Amino acid sequence: MSYITVTRCRLCDQKLSPPALVLEDQPAANNLCESEDAALSAPRYPLALARCPGCTSVQLTTTIDPWVLFGDYSYVPTGAAFAAHWEELTAVVGPPKGLAVEIGSNQGDLLAALKGNGWDVLGVEPAKHLAAKANDRGLTALPTFFDEQTAGAIASDHGRAALVVATNVMAHIHDLHGAVRAVKRLLAPDGRFVFEVASLESDYAKGSFDRVCYFEHVFSHSVTPLAHLFSAHGMAITNVEEIQFHGGSLRVTVEHGARHADEIYARARCESLPGQVATAAALDSFALLTHRTISTVRDALADLRRSGKRVVGFTAPAKASVLLNAAGVGQATIQYIADDNPLKVGSYVPGAGIPIVPVSSLLEDHPDVVVVFAWNLADTLIPLLPRGHWLRVVIPMPTWREVIV
């Protein structure tokens, strides 16, 4: 079986409440396909979001085999916005103090930034082709998942780490207790674990379900369940910073210790107030908003098609797959999606069957409407589009809006 159904909380083992948000079955968003037929027949899995009444964690009710999701991973965070973010994060973690280990190091861009600042670096990346790219750049990346065995081997071979860092990884891990045990085993007594995750509070406020409801993100994080998680392992959250990157994220710092910083307890209390992120009512409201958003996108694209407009897409993140499959949109409505990631060009969006072409194809074309799926990067992407053709640009999420360039 390539997936399991989860009925008990992954963090505290209480029985999950009935799912508050249920979408149509979807394929794995980043598992791009080699042909249109393969895309249209891609395996689909139950997609639903539930809340734990105990620790308040919000999580999917399905876990797909991680090798299916990450063994041939096509997501590569590139571009000026990411480069600037890696430099900023490198500055935030401070001056080098020895070994820095990155969980989910992808092709090594953050490792390179840390190394450039004087850290000894080592990455852990299960996608072998991405780990190989990092190694080809003179970095060191282990082609495996981060677990207790891997952490022990690193500590034995390289010593314990002064810094463990993870960006957009802690939402992906089914066994977070195992991951935290591994971090604790690897982290030096005075070391820090710094990780970034999408902010559930931000997603609730914006209605950005395309960041929440896809299979890589088994968790949608807020501070309260994270505090419970680390307390269970004798670790303490010493700081939480809200950052705007990726459409709204939390940057969390964790150290060895029994007591969280006072502001963490205060924030947890605020999260449990009526209607706030830790409550069932907040998830119910998010579910209602999600269905309204899907209807809005479906209807707006159908109107463009009926009016004879040629519509194409720009950028093919997982968000595109989630939104297109939720709205039931295919190649009849969006002719192609342009993206410059060589791991994606020539592939097809799973479920939707839309081809992914180089950005050069879009620049040579004259469509009527371009849909920017990486809405969190829209400000940097729109200037790359051709001008002077009265091109209409749609940013479909979190709220449908149009601009003319």
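Just so it is clear, the model here is predicted, and its values are computed rather than measured.
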Enter the distance from [X]:[atom1] to [Y]:[atom2] here, rounded to the nearest 0.5 Å.
| X | Y | atom1 | atom2 | value |
| --- | --- | --- | --- | --- |
| Leu111 | Asp120 | CG | CG | 12.0 Å |
| Leu381 | Phe314 | CG | CZ | 5.0 Å |
| Thr296 | Met397 | OG1 | CE | 10.0 Å |
| Leu142 | Leu122 | CG | CG | 4.5 Å |
| Lys15 | Cys52 | NZ | SG | 12.5 Å |
| Met170 | Phe193 | CE | CZ | 4.0 Å |

Are the side chains of [Y] and [X] in contact, using a 4.5 Å heavy-atom criterion?
| X | Y | value |
| --- | --- | --- |
| Leu362 | Pro367 | yes |
| Cys55 | Cys9 | yes |
| Thr293 | Phe209 | yes |
| Val240 | Leu226 | no |
| Leu47 | Leu60 | yes |
| Thr90 | Leu114 | yes |
| Asn106 | Val76 | yes |
| Ile356 | Leu32 | yes |

Please check this pair: side chain of [X] against backbone of [Y], looking for a donor-acceptor N/O pair closer than 3.5 Å.
| X | Y | result |
| --- | --- | --- |
| Glu125 | Leu130 | no |
| Lys319 | Asn376 | no |
| Ser156 | Gly152 | no |
| Gln26 | Asn325 | no |
| Ser202 | Gly247 | yes |
| Arg392 | Asp368 | no |
| Lys115 | Leu139 | no |
| Arg44 | Glu24 | no |
| Ser208 | Arg211 | no |
| Arg185 | Glu148 | yes |

Hey, what's the ring geometry for [X] with [Y], parallel, tilted or perpendicular (30° and 60° as the breaks)?
| X | Y | value |
| --- | --- | --- |
| His177 | His233 | tilted |
| Tyr265 | His260 | tilted |
| His221 | Phe219 | parallel |

For the residue pair [X] and [Y], what are the closest heavy atoms and their distance?
| X | Y | answer |
| --- | --- | --- |
| Leu377 | Ala81 | CD2-CB, 4.1 Å |
| Asn31 | Leu69 | OD1-O, 3.9 Å |
| Leu250 | Val223 | CD1-CG2, 4.4 Å |
| Ala198 | Asp203 | CB-OD2, 4.2 Å |
| Ala352 | Val329 | CB-O, 3.5 Å |
| Pro396 | Val297 | O-CG2, 3.9 Å |

Q) Step by step, would you call Phe286 with Leu49 a side chain to side chain contact (heavy atoms under 4.5 Å, CB included)? A) CA-CA 11 Å; Phe286 177 70; Leu49 200 64; 4.2 Å; yes
Q.
If you count heavy atoms of other groups shown closer than 6.0 angstrom to CZ of Arg310, is the number above 12?
A. yes
Under a 4.0 Å N-O cut-off, is there an ion pair linking [X] with [Y]?
| X | Y | value |
| --- | --- | --- |
| Glu196 | Arg251 | yes |
| Glu263 | Arg267 | no |
| Arg160 | Asp190 | no |

Q: Assess whether side chain to side chain contact (heavy atoms under 4.5 Å, CB included) is satisfied between Val124 and Thr144, documenting all intermediate values.
A: CA-CA 6 Å; Val124 180; Thr144 188; 4.1 Å; yes
Q: Applying side-chain hydrogen bond (donor to acceptor under 3.5 Å, both in side chains), name anything that partners His217, two or more places apart in sequence or on another chain.
A: His172, Tyr214
Q.
Under the criterion side chain to side chain contact (heavy atoms under 4.5 Å, CB included), I'd like the reasoning laid out for Thr253 against Val194: C-alpha separation, chi angles, the key distance, then a yes or no.
A. CA-CA 5 Å; Thr253 301; Val194 179; 4.0 Å; yes
**Q.** Polar contact flag, side-chain donor to acceptor under 3.5 angstrom, Thr63-Arg10
**A.**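 Per modelled atom types, Thr63 and Arg10 side chains form a pair under 3.5 Å.
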Q) Considering the options Phe215, Trp67, Tyr45, which one meets the ring pair (Phe, Tyr, Trp, His ring centres under 6.0 Å) requirement together with Tyr3? A)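 Result for ring pair (Phe, Tyr, Trp, His ring centres under 6.0 Å) with Tyr3: Tyr45.
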Q. Are Val218 and Val6 close enough, and set up right, to give a side chain to side chain contact (heavy atoms under 4.5 Å, CB included), and what steps lead you there?
A. CA-CA 10 Å; Val218 293; Val6 176; over 6 Å; no
